Amino acid sequence: MSYKNLTVSNEKGIGFITINRPKKLNALNKETIQELHEAFKNADQNSTIKAIILTGSGEKAFVAGADIAEFADFNVEEGEALAREGQRLLFNFIENLKTPVIAAINGFALGGGLELAMASHIRVAADSAKMGLPEVSLGVIPGYGGTQRLSQLVGKGKAFEMILTASMISAEDALRWGLVNHVVPMEELLPLAENIAAKILRNSPVAIQAAITAVNANFKDGVNGFDVEIEQFGKSFGTRDFTEGTTAFLEKRSPKF
Ligand code: COA
């Protein structure tokens, strides 16, 4: 399948999704959000893809936010629908995929761009990347989960500082604050993401899906994460991957998942 605003490829078990609107710094318009939904859905349903790497085209931006030109004249109802639909189609959708998503932040990750990275399971950044939630400078607030996920990742105090000042932080600060896991020079960014993906690829996809479900349960309203963990742990014992993984260990060989 081909897309107007994305490039997608699949190499050695890794699905690559690259947002490709460099002239608009990869800003997320409605069409791009819809295409991302389709691309992530297809990758998640493709059993040969065991990890997904998400990045932006060009060296300047990962994603510079939601497309401001598109929502500048929206009213209250349209604003709410924009956030609700975006969260459903993309941000919550990614977080709950069974395939892990690694965001390779290759430049500006602002507003919806940082929210997209935060909805991913793992974040790595180029040392030149800049991150922020500048929405209050536009008279609006983050609407794609930013107020929730930033607090979860960096704590309430730092989240308030980033959101209320609308300032960008450097990749180094993002690393210190726990917003990204690793910072490397630009040329090492995709190799690093691929290296992390390669380690994921060795493991049981079924167990990985269960682990994503259990970790996410900690952040769901009215859900007891410990109960979800017990349930997912128990379910693992009924899977072929469990039999293969434990048998391979006892037979001192690599498992074939
Ligand atoms: N929505 C729509 N268009 C955007 C955009 C966004 N979020 N971010 C950048 N663009 C467009 C610019 O309008 C410009 O288009 P043009 O060439 O047709 O005028 C193009 O991308 C290049 O951006 P420009 O501002 O000229 O680049 P810069 O290097 O001077 O500045 C930024 C880079 C990231 C600092 C600046 O683009 C910016 O502040 N963007 C908005 C960030 C933001 O507020 N995001 C949150 C949205 S809720």
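Everything numeric here is computed off the predicted structure, so don't read it as measured data. As the structure lists them, so they are numbered: ligands from 1, and atoms in each ligand from 1.
Counting only heavy atoms of the protein, atom 34 (C) of ligand 1 lies nearest to L110 CD1, 3.5 Å. The single protein non-hydrogen atom nearest to atom 28 (P) of ligand 1 is K60 NZ, 3.7 Å, given as residue, atom name and distance. Distance from atom 31 (O) of ligand 1 to its nearest protein heavy atom, with residue and atom name: L25 CD1, 4.5 Å.
Classification of the F237-F242 ring pair by plane angle, with boundaries at 30° and 60°, yields tilted.
Side chain of N26 to backbone of F62: a donor-acceptor contact under 3.5 angstrom is found.
Heavy atoms of E135 found under 4.0 angstrom from ligand 1 belong exclusively to the side chain. At a 4.0 Å heavy-atom cut-off, ligand 1 does not touch V140 at all.
Remark: atom 16 (P) of ligand 1 lies closer than 4.0 Å to at least one protein heavy atom.
Q232 CD: more than 12 foreign heavy atoms inside a 6.0 Å radius. Residue K235 qualifies as open at atom NZ: its count of foreign heavy atoms under 6.0 Å is 12 or below.
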*Trace of the side chain to side chain contact (heavy atoms under 4.5 Å, CB included) decision for L97 with I52*: CA-CA 10 Å; L97 287 183; I52 300 168; 4.2 Å; yes
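Checking Q148 against Q152 by side-chain atom types alone, no donor-acceptor pair falls below 3.5 Å.
Considering backbone and side-chain atoms alike, A66 places an N or O below 3.5 Å from some N or O of ligand 1. Of the polar atoms of G111, none of the N or O atoms is found under 3.5 Å from an N or O of ligand 1, judged by distance alone. Remark: ligand 1 and A64 share an N or O pair separated by less than 3.5 Å (distance only, no angle test).
With K24, E70, K23 as candidates, the residue nearest to atom 4 (C) of ligand 1 on a non-hydrogen basis is K24.
For the pair D67 and R21, the minimum side-chain heavy-atom distance is below 4.5 Å.
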